[in-house]
Amino acid sequence: MCGIVGYIGNREAQGILIGGLKRLEYRGYDSAGVATLNSTGELTNIRAQGKVAQLAELQVKNRKTDSIGIGHTRWATHGAPSVKNAHPHTVGRITLVHNGIIENYQDLKHILVDKGYEFQSDTDTEVLAGLIDSLYSDDTNLLDAVLGALRLVVGAYGLAVIAHDTPDQIIVARSGSPLIIGLDDEETFIASDASALIGHTDQVLYLKEGEVAVCKAGDVQLYDIKANPLSAAVETLEADMQAIQKEGYEHFLLKEIHEQPDTLRATLAGRLHLDTMTASLGGINMTAEELRAVKNIVIVGCGTANYAGQLASYFIEQFTDDISVRVEIASELRYRSFHVADNTVALIVSQSGETADTLACLGELKRRGVRCLGIVNAVGSSIAREVDGGVYVHVGPEISVASSKAFTSQVAAMVLFGLVVAQAKGIGAKELAEYVQELDRLPFEIEKVINTVEDSVAHLAKEYASYEHALYMGRDTLYPVALEGALKLKEISYIQAEGHAAGELKHGPIALVDDSFFEVALIADNWLYEKSLSNLIEVNARGGHVIAITNSQKPIEAEAVVQLNTDLTVFVPLLFNVVLQLFAYYVSLERGNDVDQPRNLAKSVTVE
Ligand code: F6R
């Protein structure tokens with residue numbers, strides 16, 4: 001979703017800002033812009049609809065040596081993607097970029113129009129610029145004007161503001177949308193996402209909710225909304241360039257799919273103990289007694305994170321006999337009247353740690369006194385900071401908009417939590433050892449699957465890439481995998497894909513089977529094999545074009561079959577999921593789509 005960058009120092013700002021915006025491209029956007037000021041306060045604002053590359057072309061014609069500026073990638077909310085709606089927006093002496101939504105912008109706009117302000121765009125952001133300008137008089141400084149405006153707005157923002165008559169400072173503010181400030185000797189960098197800072201500095205300050213900062217070259221001063229000075233805690237950013245490069249892969253998604261054996265190992269490292277056949281989690285901050293008392297788990301997330309929760313719920317209920325797990329879509333839960341039973345722990349699942357709906361549920365659950373644990377990837381993100389404890393999944397930056405390695409590790413992290421609870425509740429040593437051993441072998445098995453099926457899956461993808469509809473079906477633990485597989489396909493191939501519980505097909509969806517559809521049947525070699533096979537046969541009988549994916553070695557009649565060779569029994573759904581990730585990738589490739597930045601999607605959904 002929208003991205004912010006800013007720079008103030010002694011070098012040319014334009015190039016640094018555009019470089020930063022390129023790093024934020026993965027978040028998804030539809031227009032981009034950068035504005036810089038020279039030492040006399042003259043503004044250069046260049047904006048382009050489309051990609052940052054188009055902005056870079058404009059910059060060549062409008063090159064400036066200015067050493068202060070702000071930049072933005074916009075994901076349209078108020079007003080269509082266009083140059084006039086692209087940020088930065090200028091009103092009077094104020095130029096700003098903004099992530100989030102100002103909910104009362106219509107009311108504010110009416111007040112400002114009555115005062116004589118005119119607006120060029122359809123955005124809420126331009127109104128905010130007008131509001132700050134209206135409060136920025138000769139006897140008010142920029143900080144006071146920004147604070148005054150922020151006290152009047154309702155909504156969410158991450159903000160970077162410059163004023164034409166003070167070309168030595170950038171004011172940034174955060175409420176509901178993340179911002180990070182990077183500091184070097186004589187330079188200060190601003191970004192909504194740490195990936196834009198990597199390679200510039202590793203000394204960073206995460207702005208907290210409600211904080212405002214005055215950034216000067218190599219210096220920052222923090223304030224609260226009432227203008228009280230705050231102390232700043234600078235941290236060392238732990239990420240490197242290697243992690244955000246493609247390393248020879250054609251796309252980040254393919255790289256991230258291939259990384260899964262290693263990223264999963266990173267999730268399990270230090271938490272799975274083969275010597276004692278146990279699991280442990282350092283960051284959950286719960287005693288054995290507290291773990292024993294857990295009776296209910298509510299898992300909250302959106303999209304892939306929600307499906308990871310659904311899959312994990314099957315496992316956790318299998319490990320214990322007195323825990324019930326419910327999985328909630330964050331955007332639904334936040335507005336519903338819901339009840340939380342006693343002895344509930346909430347798992348808040350988010351790769352980015354910034355998803356607005358998930359964050360709102362965290363707030364609501366905490367307000368009700370529920371212990372909330374994060375299953376988060378982005379270190380230092382909003383969710384990671386606000387939970388009572390949690391498990392970092394440690395998969396490194398996930399750049400492709402479509403999530404892959406995060407899913408696998410989110411499931412693994414929740415499985416670890418389930419095992420830790422089960423241990424506290426006295427799970428038998430033999431049963432526990434089986435789970436621990438399987439989990440330990442999972443990275444190797446994923447590696448094996450990728451090595452053995454990738455070519456044939458790529459070939460299959462070519463054959464099915466021209467369909468416009470797909471049905472995915474699976475039973476038990478393969479049902480959430482069907483949902484996730486269908487999501488992956490629709491996101492990056494734009495094929496309409498639906499996931500179903502295979503047993504539900506005859507209750508409706510089977511009516512869809514015709515020549516314009518293909519079906520993906522996930523068939524596990526377990527006690528449900530015959531039932532899953534019957535569902536496949538029912539589709540075959542109606543002329544379906546079925547791709548069967550199975551870990552059974554028995555022959556299956558289908559238009560195409562992908563066979564997995566593994567002796568895993570419990571965590572085998574994660575292998576099926578890797579096949580579906582590869583399939584979606586190669587279908588998207590075949591259709592010539594923008595694999596890593598699919599249309600209309602954003603990586604980090606920081607607005608609801
Ligand atoms: C799908 C995908 C999204 C995210 C969802 C939640 O490939 O990436 O469905 O899973 O937007 O994002 P996080 O995990 O960052 O909260």
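As the structure lists them, so they are numbered: ligands from 1, and atoms in each ligand from 1. Count residues from 1 along the sequence.
Side-chain contact between Val520 and Met473 is absent, with no heavy atoms from C-beta onward closer than 4.5 Å. Residues Arg371 and Met286 form a side-chain contact, since some pair of their non-hydrogen atoms from C-beta on lies under 4.5 Å apart.
Counting atoms of ligand 1 from 1 in the listed order, those under 4.0 Å from a heavy atom of Gln351 are 13 (P), 14 (O), 15 (O), 16 (O). Short contacts between ligand 1 and Val401, defined as distances under 4.0 Å to a heavy atom of the residue, involve ligand atoms 8 (O). Counting atoms of ligand 1 from 1 in the listed order, those under 4.0 Å from a heavy atom of Glu491 are 1 (C), 2 (C), 7 (O). Heavy-atom proximity to Gly303, at under 4.0 Å, picks out these atoms of ligand 1: 9 (O). Against a heavy-atom cut-off of under 4.0 Å, Ser352 is close to the following atoms of ligand 1: 13 (P), 15 (O), 16 (O). For ligand 1, the atoms lying closer than 4.0 Å to a non-hydrogen atom of Ser350 are 13 (P), 14 (O), 15 (O), 16 (O). Short contacts between ligand 1 and Ala305, defined as distances under 4.0 Å to a heavy atom of the residue, involve ligand atoms 10 (O), 14 (O).
A donor-acceptor contact closer than 3.5 angstrom links the side chains of His500 and Glu498. Between Asn306 and Gln310, the side chains place a donor N or O and an acceptor N or O closer than 3.5 Å (distance only, hydrogens not considered).
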*Could you go through the side chain to side chain donor-acceptor pair (under 3.5 Å) check for Ser382 and Glu354 one step at a time?*
CA-CA 6 Å; Ser382 303; Glu354 302 295 349; 2.5 Å; yes
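Aromatic ring pairs are classed by plane angle as parallel below 30°, tilted from 30° to 60° and perpendicular above 60°; the pair Tyr435 and Phe319 is tilted.
Ligand 1 has Lys488 within reach: a non-hydrogen atom of the residue lies less than 4.0 Å from it.
At the shortest separation from atom 11 (O) of ligand 1 among protein heavy atoms lies Val605 CG2, 4.0 Å. The protein non-hydrogen atom at the shortest distance from atom 16 (O) of ligand 1 is Thr355 OG1, 2.4 Å. Annotation: atom 3 (C) of ligand 1 to nearest protein heavy atom, Thr304 N, 4.1 Å.
Taking 4.0 Å as the cut-off between side-chain N and carboxylate O, Lys246 and Glu256 do not count as a salt-bridged pair. The existence of a salt bridge linking Glu211 and Arg174 is excluded, since no basic side-chain nitrogen approaches an acidic carboxylate oxygen closer than 4.0 Å.
For atom 5 (C) of ligand 1, the nearest non-hydrogen atom from the set Ala402, Ser381, Cys302, Gly301 comes from Cys302.
Of the N or O atoms in Gly353, none lie within a sub-3.5 Å distance of an N or O in ligand 1.
The distance between the ring centers of Phe315 and Phe571 falls below 6.0 angstrom.
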